[in-house]
S.K.: 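I am attaching a structure below and will ask some questions about it afterwards.
When reading the values below, keep in mind they use all heavy atoms of this one structure, side chains included, and skip hydrogens, waters and symmetry mates. Just so it is clear: chains get the letters A, B, ... in the order the sequence lines come, proteins before strands, and each one is counted from 1.
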Protein chains: 2
Amino acid sequence: MSYEKLRKRANAMAGNPRNGTRPTLQGMPDQAYRAIREQILTGRFALGSAISRRRLAAELGMSMIPVSEAIQRLAQEGLIESKPQVGTRIRIPTEADIRDRFIIREALESQAARLFSERAGMAERRELRERAAELDGLYQVRYANPDDATLVFKVNTAHVQLHMRISEYSGSVALCQLIESNDVLFYNWMFDLVGEQPPVPSQFHSDLVAAISSTDPLGADAAMRAHVRYNMEATIQNMRKIGAQAESSWRLGRGKPANTNGQALTHSR
Amino acid sequence: MSYEKLRKRANAMAGNPRNGTRPTLQGMPDQAYRAIREQILTGRFALGSAISRRRLAAELGMSMIPVSEAIQRLAQEGLIESKPQVGTRIRIPTEADIRDRFIIREALESQAARLFSERAGMAERRELRERAAELDGLYQVRYANPDDATLVFKVNTAHVQLHMRISEYSGSVALCQLIESNDVLFYNWMFDLVGEQPPVPSQFHSDLVAAISSTDPLGADAAMRAHVRYNMEATIQNMRKIGAQAESSWRLGRGKPANTNGQALTHSR
DNA sequence: ACTTTGATACTGTTATGACAGAAGACAAAA
DNA sequence: TTTTGTCTTCTGTCATAACAGTATCAAAGT
């Protein structure tokens, strides 16, 4: 191998992106995408709060171009909306939005359930049974301690992970990716629209996994559809109870930079 | 009204995007997106051919930035793939890709069929019946004239339009958008993988629409699933017959600019 | 004949800066 | 007190240009 190639390879290994210091690490737009998404999901930005491309670019130590690319992706996923010369903000979902998203979720996840019941191996079915039991247990713990805010976080995380496992074990990577980018929305809304969530049957997810683990694709489909519909009704009733505080205007609030300090105000996470 | 505003408004009306001549017209990235997509679907670029952001930018009369945004959207839809410092080209699907996409299509369109059978009005059902009959007739015409290349184009257009109508009348805009961005792939592959397509039952689409027009969502779901599966088998067998010419290397072909003149060489459109 | 080595012409990436538009701030006029 | 016009400062958009990586090809080495 030539010295030239050796030098280049060593250079790439040592991490030299552009000027000579910071490694580029899987592309800067991806880095920005993950960072922004993480901040949204953690509550750094509340629903409806304005975000500035320039400020984000400065915070992340890059230019506006990769940030804009990341924001574009988030906008296509529905987390963010942007008006040409006005601003960018976290999207506030209407009831129709939520219904639409649940329709898509029903289509995708029922398909994943069909594939799972056809293709999954014994080990995977067993893993899901255990996860479901664990999740049902977590729900009971949360009902016992209604004031512990961290439990909400834990339950939601476990819930999303269970569904993601099902879609992973369906064997279709494209389907899994679609489900993931679709479910991010629910994960976000769960936090912001959370009131006193209606209780869930004690064997809710265990029953679901049992139906999905059978070798009947139609039964798996029907069970997942019922599960998703139940979730939809709960989410919508919750949203109505919280109240339609969706201000559709674009007040950007000049003076205060939205929320630069660590915690969002209206959040309970 | 102030002179300042009058000047600005007049400026905007007369069409002044940046320097002073061309109107911006719904955003330049959208313009680029539509143009590139149109050129791909029309056969200006063959499967696997390399495309240059710079050349496209020059042809469209804009900078590389809006072109890159459009290409990013197309890449996320799966039409295009891009390697960081190497190039961009029209994606050549593998058999696994096609299977994955059909899985998603099955999920989305069967959901649309369910919603259609529940929600659609009488006028819409009748319109679809007519469209289906027309499409079935077109298929027969094509079988009678196997050498007319324009008939392939006509049939495919009518086919896609029928499916798009079903998803529109489902009443969910998000679902419709997803189906559209997903079906673009099939529309493109149809052209490039076309051999001697296996004949289709004479009442193929009329039967489908009849099943979907019934008031039984489960029957509508099953009918659409069977329809999509039939299409999948036909497409994959067709692809195998054409031969796996998927060169996974990135030969960009330095000298010749891919295909600058109007027609692609390996296309039969 | 085969391999290695530069040179070169391309690729996508991204920082910088200039631009048009929108909205709040604020003073002047009704 | 209310309305109106202007100014300032923010927003996203985008053209330009410099950067680093890669593939190709020709020539020199073996």
Side-chain angles (χ1 to χ4, degrees), chain A residues 1-9 11-12 15-20 22-24 26-32 50-58 60-72 75 80-89 249-258, chain B residues 1-9 11-12 15-20 22-24 26-32 50-58 60-72 75 80-89 249-258:
Chain A
M1 177 174 294
S2 74
Y3 288 98
E4 183 65 17
K5 285 190 179 175
L6 273 179
R7 184 188 66 79
K8 285 187 179 177
R9 174 166 298 187
N11 210 347
N16 175 338
R18 185 63 157 252
N19 40 24
R22 193 183 59 261
T24 181
Q26 189 63 21
M28 305 178 66
D30 271 14
Q31 191 178 332
I51 61 184
S52 161
R53 286 160 140 90
R54 287 174 218 272
R55 193 174 351 258
L56 270 170
L60 297 174
M62 59 182 75
S63 164
M64 289 177 58
I65 295 200
V67 172
S68 289
E69 187 175 324
I71 284 182
Q72 186 205 341
I80 276 178
E81 62 184 345
S82 175
K83 256 176 103 173
Q85 244 84 9
V86 178
T88 306
R89 66 172 190 179
S249 83
W250 276 87
R251 317 196 128 268
L252 296 188
R254 173 146 81 177
K256 298 166 231 166
Chain B
M1 178 173 295
S2 73
Y3 287 99
E4 184 64 16
K5 284 191 179 177
L6 272 179
R7 184 186 66 79
K8 286 186 179 177
R9 174 166 297 187
N11 213 345
N16 177 336
R18 187 61 159 253
N19 41 24
R22 195 182 58 259
T24 181
Q26 187 63 23
M28 305 179 67
D30 271 14
Q31 192 178 332
I51 60 183
S52 162
R53 288 160 138 91
R54 287 172 218 272
R55 194 177 348 262
L56 270 169
L60 297 174
M62 60 182 73
S63 164
M64 290 177 57
I65 296 200
V67 172
S68 290
E69 186 175 326
I71 283 182
Q72 187 206 342
I80 276 178
E81 63 183 345
S82 176
K83 254 176 105 175
Q85 244 85 10
V86 178
T88 306
R89 67 172 189 179
S249 83
W250 277 86
R251 314 196 129 267
L252 296 188
R254 172 144 83 177
K256 297 168 230 166

S.K.: In whole Å, what is the span from the CD atom of B:Gln31 to the P atom of D:dA15?
M.R.: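 Nearest whole value for this atom pair: 10 Å.
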S.K.: Evaluate the criterion side chain to side chain contact (heavy atoms under 4.5 Å, CB included) for residue pair B:Arg54 and B:Met64; output intermediate values, then yes/no.
M.R.: CA-CA 6 Å; B:Arg54 287 172 218 272; B:Met64 290 177 57; 3.6 Å; yes
S.K.: Could you give the CD1-to-P distance, from B:Ile65 to C:dG12, as a whole number of Å?
M.R.: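 Atom CD1 in B:Ile65 sits about 14 Å away from atom P in C:dG12.
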S.K.: Kindly indicate whether the side chain of B:Glu81, heavy atoms from C-beta on, has any atom under 4.5 Å from the side chain of B:Arg89.
M.R.: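 Yes, their side chains come closer than 4.5 Å.
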S.K.: If every non-hydrogen atom of B:Ala70 is compared with every non-hydrogen atom of B:Pro29, which pair is closest and at what distance?
M.R.: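 Distance-wise, the nearest heavy atoms are CB-O, 3.8 Å.
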S.K.: In this structure, how many angstroms lie between the C1' atom of C:dG17 and the CE atom of A:Met64, rounded?
M.R.: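 It works out to 11 Å between those atoms.
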S.K.: For D:dG12, does OP1 or OP2 lie under 4.0 Å from any side-chain N or O of A:Thr88?
M.R.: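 It does, given that an N or O in the side chain of A:Thr88 lies less than 4.0 Å from OP1 or OP2 of D:dG12.
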S.K.: Whether B:Ser52 contacts C:dC10 is assessed here as follows: a side-chain N or O lying under 4.0 Å from the phosphate OP1 or OP2. Is that the case?
M.R.: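 No, B:Ser52 has no side-chain N/O under 4.0 Å of OP1/OP2 on C:dC10.
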S.K.: Could you check whether B:Ser68 gets within reach of a base, just the sugar-phosphate, or nothing at all, counting any heavy atom under 4.0 Å?
M.R.: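 If one applies the 4.0 Å heavy-atom cut-off, B:Ser68 turns out to touch nothing in the nucleic acid.
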S.K.: Quick one: B:Asp30 CG to D:dG12 P, roughly how many Å, whole number?
M.R.: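 It works out to 17 Å between those atoms.
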S.K.: Can you tell me how far P of C:dT11 sits from CD1 of B:Ile51, to the nearest Å?
M.R.: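 Rounded to the whole Å, the gap is 11 Å.
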S.K.: Reckon A:Ser63 has a side-chain N or O less than 4.0 Å from the OP1 or OP2 of C:dA15?
M.R.: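 True: A:Ser63 side-chain N/O within range (under 4.0 Å) of C:dA15 OP1/OP2.
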S.K.: Can you check the A:Met28 CE to C:dT14 C1' distance for me, whole Å?
M.R.: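 In whole Å, C:dT14 C1' lies 8 Å from A:Met28 CE.
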S.K.: Applying side chain to side chain contact (heavy atoms under 4.5 Å, CB included), run through B:Gln31 and B:Leu60 and close with a yes or a no.
M.R.: CA-CA 9 Å; B:Gln31 192 178 332; B:Leu60 297 174; over 6 Å; no
S.K.: Can you check the A:Met62 CE to C:dA15 C1' distance for me, whole Å?
M.R.: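 Roughly 12 Å, once rounded to whole Å.
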S.K.: OP1 or OP2 of C:dT13 sitting under 4.0 Å from any side-chain N/O of B:Arg53?
M.R.: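 For C:dT13, OP1 or OP2 has a side-chain N or O of B:Arg53 closer than 4.0 Å.
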S.K.: Using whole Å, report how far CZ of B:Arg54 lies from C1' of D:dT16.
M.R.: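 Between C1' of D:dT16 and CZ of B:Arg54: 12 Å.
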